[in-house]
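The next block holds one structure in the form of structure tokens; read it before the comments.
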Amino acid sequence: MKKLSFLALLAIASFASTANAQTSAATTTNAGAVLLKAMTLSQTAPLHFGSNVLVTNAGGTVVLPSNSSTRTYTGGVATSAATPTATNAAYNVTGTALETYALTLPTTTTVTHTTVASGVYQMDITDMKARFNGAGSDAVTSTLSSSGTDSFTLGGTLTVQASQIGGVYAGTFNVSIDYN
């Protein structure tokens, strides 16, 4: 009887061991990570609409394209040969090679007369557009080169209001970039 019980226990233990082996499994899983270099953005030229003439008190617009300092006008504003000349804002970008990134531009930037604080002494810059290095059209995304560099220029539309006060205007705006 003891022999039979011992054999029965041995058989049960054998089945239990077999049952455990059938419920376990293993596989190999890949692991990885991406380490991106911190991006840098540096301005190499400011956005400036240059000198313009108030032909009438009607107001108007000065449009500076993203890739050229040749302005176009509407309303009572016209070009001037006086200095300063118009310049596109220009920037250099560095980061991880061949990564794409996005540019964020302000929707409106206000410039204010530098000495007069009454009347129509502020103007808005809107519709900012960017042209990346070597691109044929405006965009807000780009890809860093194989050396991790890129560049772009900006333009926009300056709105001159009716009865705008003549003089020098200044302001600032923020531009930011980040990986996609």
Side-chain angles (χ1 to χ4, degrees), residues 36-95 99-145 148-180:
L36 299 172
K37 291 181 180 177
M39 296 189 81
T40 65
L41 175 63
S42 58
Q43 177 195 317
T44 58
L47 178 65
H48 201 290
F49 288 84
S51 292
N52 306 283
V53 177
L54 295 170
V55 179
T56 69
N57 273 344
T61 61
V62 182
V63 178
L64 180 65
S66 62
N67 63 339
S68 167
S69 61
T70 302
R71 300 158 290 180
T72 58
Y73 295 88
T74 65
V77 188
T79 187
S80 168
T83 58
T85 59
T87 58
N88 296 100
Y91 302 86
N92 288 328
V93 179
T94 65
E99 289 290 330
T100 62
Y101 68 98
L103 168 66
T104 302
L105 299 172
T107 55
T108 302
T109 296
T110 300
V111 290
T112 302
H113 198 286
T114 56
T115 59
V116 176
S118 62
V120 185
Y121 68 99
Q122 293 182 320
M123 296 185 285
D124 287 336
I125 300 169
T126 57
D127 201 25
M128 285 190 177
K129 303 213 182 289
R131 182 75 56 106
F132 291 93
N133 183 24
S137 61
D138 296 334
V140 291
T141 61
S142 184
T143 301
L144 293 162
S145 71
T149 61
D150 199 7
S151 62
F152 63 90
T153 53
L154 294 182
T157 300
L158 175 70
T159 300
V160 178
Q161 299 180 58
S163 302
Q164 190 78 50
I165 296 171
V168 177
Y169 288 76
T172 61
F173 60 94
N174 292 321
V175 173
S176 64
I177 55 172
D178 200 357
Y179 291 110
N180 284 335

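The chain is numbered in sequence order, starting from 1.
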Residue pair [X] / [Y]: nearest heavy atoms and the distance that separates them:
{"X": "His48", "Y": "Leu64", "value": "O-CD2, 3.7 Å"}
{"X": "Ser66", "Y": "Thr153", "value": "O-OG1, 2.6 Å"}
{"X": "Val120", "Y": "Ser163", "value": "CB-O, 3.6 Å"}
{"X": "Gln122", "Y": "Gln161", "value": "O-NE2, 3.0 Å"}
{"X": "Ser69", "Y": "Ala86", "value": "CB-O, 3.3 Å"}
{"X": "Thr143", "Y": "Asp150", "value": "O-OD2, 3.8 Å"}

- [ ] Answer yes if the side chains of Arg131 and Asn88 hold a donor-acceptor pair under 3.5 Å, and no otherwise.
- [x]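 Note: Arg131 and Asn88 side chains miss the donor-acceptor criterion.
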Open item on the list: Side chains of Asp124 and Thr110 only: does a donor on one sit below 3.5 Å from an acceptor on the other?
Closed with: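 The answer is yes; a qualifying pair exists.
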Open item on the list: Before you tell me yes or no, could you show the steps for Arg71 and Thr79 under side chain to side chain contact (heavy atoms under 4.5 Å, CB included), namely the whole-Å CA-CA distance, both residues' side-chain angles and the distance that decides it to 0.1 Å?
Closed with: CA-CA 8 Å; Arg71 300 158 290 180; Thr79 187; 3.2 Å; yes
Open item on the list: Within the supplied structure, the quantity of interest is the number of heavy atoms (other residues, nucleotides, ligands) at a distance under 6.0 Å from Asn180 CG; does it exceed 12?
Closed with: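 Above 12, so yes.
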Task: Reference residue Val63; test side-chain contact (heavy atoms from CB on, under 4.5 Å); the match among Thr157, Thr70, Thr74 - done: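 That would be Thr157; it is the only one of Thr157, Thr70, Thr74 passing the side-chain contact (heavy atoms from CB on, under 4.5 Å) with Val63.
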Rounded distance (nearest 0.5 Å) linking atom [atom1] of [X] with atom [atom2] of [Y]:
{"X": "Asn67", "Y": "Leu154", "atom1": "CG", "atom2": "CG", "value": "11.5 Å"}
{"X": "His113", "Y": "Ser118", "atom1": "NE2", "atom2": "OG", "value": "9.5 Å"}
{"X": "Asp178", "Y": "Leu41", "atom1": "CG", "atom2": "CG", "value": "11.5 Å"}
{"X": "Thr141", "Y": "Ile177", "atom1": "OG1", "atom2": "CD1", "value": "13.0 Å"}
{"X": "Leu144", "Y": "Ser151", "atom1": "CG", "atom2": "OG", "value": "10.5 Å"}
{"X": "Asp127", "Y": "Leu105", "atom1": "CG", "atom2": "CG", "value": "10.0 Å"}

Task: Which residues share a ring-ring contact (aromatic ring centres under 6.0 Å, His included) with Phe152, sequence neighbours left out - done: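 Phe152 satisfies ring-ring contact (aromatic ring centres under 6.0 Å, His included) with Tyr91, Phe132 only.
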Heavy-atom side-chain proximity of [X] to [Y] below 4.5 angstrom:
{"X": "Val175", "Y": "Leu103", "result": "yes"}
{"X": "Val160", "Y": "Asn52", "result": "no"}
{"X": "Met123", "Y": "Phe49", "result": "no"}

Open item on the list: Walk me through whether Ile125 and Phe173 qualify under side chain to side chain contact (heavy atoms under 4.5 Å, CB included).
Closed with: CA-CA 10 Å; Ile125 300 169; Phe173 60 94; 5.8 Å; no
Open item on the list: One pair to check against side chain to side chain contact (heavy atoms under 4.5 Å, CB included): Leu158 and Val111. What are the steps and the verdict?
Closed with: CA-CA 9 Å; Leu158 175 70; Val111 290; 4.2 Å; yes
TODO: Check step by step if side chain to side chain contact (heavy atoms under 4.5 Å, CB included) holds for Met128 and Thr109.
DONE: CA-CA 9 Å; Met128 285 190 177; Thr109 296; 3.7 Å; yes
